Number of protein chains: 2
Amino acid sequence: MAKKQTDSIADDLEAMILEGVFDDNQRLDEVQLAKRFSVSRTPVREALQRLTQAGLVEQRPRRGVFVRQPGAIELLEMFEVMSELEAACARYAASRISDEALEELREANEKCEQAVREQDPDRYYLENERFHHIIYAQSGNGFLEAEASRLYRRLKPFRRLQLRLRGRLRQSMAEHESILRALTDGDADRAAGVMRQHIAVQGDKFHHLLSTLKTAAE
Amino acid sequence: MAKKQTDSIADDLEAMILEGVFDDNQRLDEVQLAKRFSVSRTPVREALQRLTQAGLVEQRPRRGVFVRQPGAIELLEMFEVMSELEAACARYAASRISDEALEELREANEKCEQAVREQDPDRYYLENERFHHIIYAQSGNGFLEAEASRLYRRLKPFRRLQLRLRGRLRQSMAEHESILRALTDGDADRAAGVMRQHIAVQGDKFHHLLSTLKTAAE
DNA sequence: AGTCAAGTTTTTGTATACAAAAACTTTGTC
DNA sequence: GACAAAGTTTTTGTATACAAAAACTTGACT
């Protein structure tokens, strides 16, 4: 039993916020949360400090804590940063990747291909996640890997959604192949460039999706 | 008066950790800190949760919180990430920067030049900081700007130290000129490349510095 | 009805209380 | 003297208490 109370409450709340359980600007009631987790306010408040630092929540003095959901612009910005972090991973991985990891990437890609054939976005997403995380790890830079993973977690729900757009699965697949080729060739610049595009396009797609939704709602 | 207690304690502690007031692995005594800040343990513990999330401190269950100072390898890794974030800023800024900002960069550079002539590393560092932050802002991406600034804060003491190496001031200056030219030309790839090198070399210098120090100590 | 002030309730921020775990001290044994 | 077991102190994690600020309610006045 660790310092679990605060830890697990923070984890649970983070997951809930990322899953979109709370609306933007929704106030989180300490007392209510304390009841729900069957603890006192103390560990809840400590967990909320963590979320504050992570930027998932905002504290307004003497008012309470409020959920922060990214809007269209911030989301696009986050995808831009994600694209740069992943491009960096690919760049370093190009010279540092091991043969075993290249083999794993090939395997992941084959399973992705299978998922494409079966039109199974969930399955695709699972293997796609593996593909990307292998590259994070193969950057040979633990700090970069951690930062990339952190932002990945944050964007996961949106990356997932975007895959349901028509034709996107196939296109994504082709980009994976291209990335794998660049890594196999050990071409750092090409790997970085292709990866950057691969992620940036997701942000663009998503942004486009949001704006059409918004126009439709008016 | 805001939610100041927790906030300002967190800020103070962060500054102290970054300044190297505490050793790596040093335990932070809640009671002692509470006394020092003339508050109870509660706000201190909340501040420590923030530092935990920021990665400045590690919590071992039932043992306490311990300061985490990056070692040589982690530092090099952080410089690599910094180089990529700043390269990204330069890349976006190349197409998004305003004429006024370009003028400000020129001004900052001139003041840097003056500091080089006067052999004044502190003055140089001040203007250098301005130079870099203008580029963060001109990336036109608030999230990227925030992430770059965050890591900048973390590395600031080390970036600073590295400037005292012989010839580094002059070299750094030349790189600034080169970055400015690329931005003026609107050449995104060149701006990114030069910036990446400009930062990465700092990490290398620092890493080299540390290894020679370590070898000398043995 | 709408507005505003006084009073009431809720909620936040901080201090304190307390149990359980860890660290430290003492004392007895070989 | 080295070691170990029992007891003592310290420290952590959590609950609770309480004051001050904010939010809400009520009722008088225009």
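What you see is a predicted model; the values in this text were computed from it and never measured. Residue numbering restarts at 1 for every chain, and letters A, B, ... go by the order of the sequence lines.
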TODO: To the nearest Å, give me how far apart CZ (A:R27) and C1' (D:dA22) are.
DONE: 11 Å
Task: Between D:dT11 (C1') and B:K35 (NZ): distance, integer Å - done: 13 Å
Task: Gap between atoms CG and P, on A:L48 and C:dG13 respectively (whole Å) - done: 10 Å
Open item on the list: Testing the 3.5 Å rule here: is there a donor-acceptor pair between the side chains of B:R168 and B:Q162?
Closed with: yes
Open item on the list: Using a heavy-atom cut-off of 4.0 Å across all strands, would you classify A:V31 as base, sugar-phosphate, or nothing?
Closed with: nothing
Task: Side chain of A:S40 (C-beta onward), nearest among D:dT14, C:dT14, D:dG13 - done: D:dT14
TODO: Name the orientation class of the two ring planes belonging to B:Y152 and B:H133 (parallel below 30°, tilted from 30 to 60°, perpendicular beyond 60°).
DONE: perpendicular
Task: Phosphate contact (D:dA17 OP1 or OP2) by A:R41 side-chain N/O below 4.0 Å - done: no
- [ ] Give the rounded distance in Å between these two atoms: CD of B:Q49 and C1' of D:dT14.
- [x] 13 Å
- [ ] Ignoring backbone atoms, test whether A:R63 places a side-chain nitrogen or oxygen under 4.0 Å from the OP1 or OP2 oxygen of D:dA21.
- [x] no
- [ ] For B:Q5 and D:dA20, give me the distance from atom CD to atom P, rounded to whole Å.
- [x] 14 Å
TODO: Over 60° means perpendicular and under 30° means parallel, so classify the ring planes of B:H132 and B:H198, tilted if in between.
DONE: parallel
- [ ] Please report, rounded to the nearest Å, how far the C1' atom of D:dT9 is from the CG atom of B:D29.
- [x] 14 Å
TODO: Apply salt bridge (Lys or Arg N to Asp or Glu O under 4.0 Å) to A:R150 and B:E147, showing your working.
DONE: CA-CA 12 Å; A:R150 190 169 62 89; B:E147 291 291 301; 3.1 Å; yes
Open item on the list: Measuring to OP1 and OP2 of D:dT14, would you say a side-chain N or O of A:T42 lies under 4.0 angstrom away?
Closed with: no
Open item on the list: Can you confirm if the aromatic rings of A:F79 and A:H207 lie within a centre distance of less than 6.0 Å?
Closed with: no
- [ ] Round to the nearest Å and state the distance from B:E46 atom CD to D:dT12 atom P.
- [x] 16 Å
- [ ] Check whether any side-chain nitrogen or oxygen of A:R45 sits under 4.0 Å from OP1 or OP2 of D:dA15, and answer yes or no.
- [x] no
- [ ] Could you state the atom-to-atom distance from CZ of A:R62 to P of D:dA20 in whole Å?
- [x] 10 Å
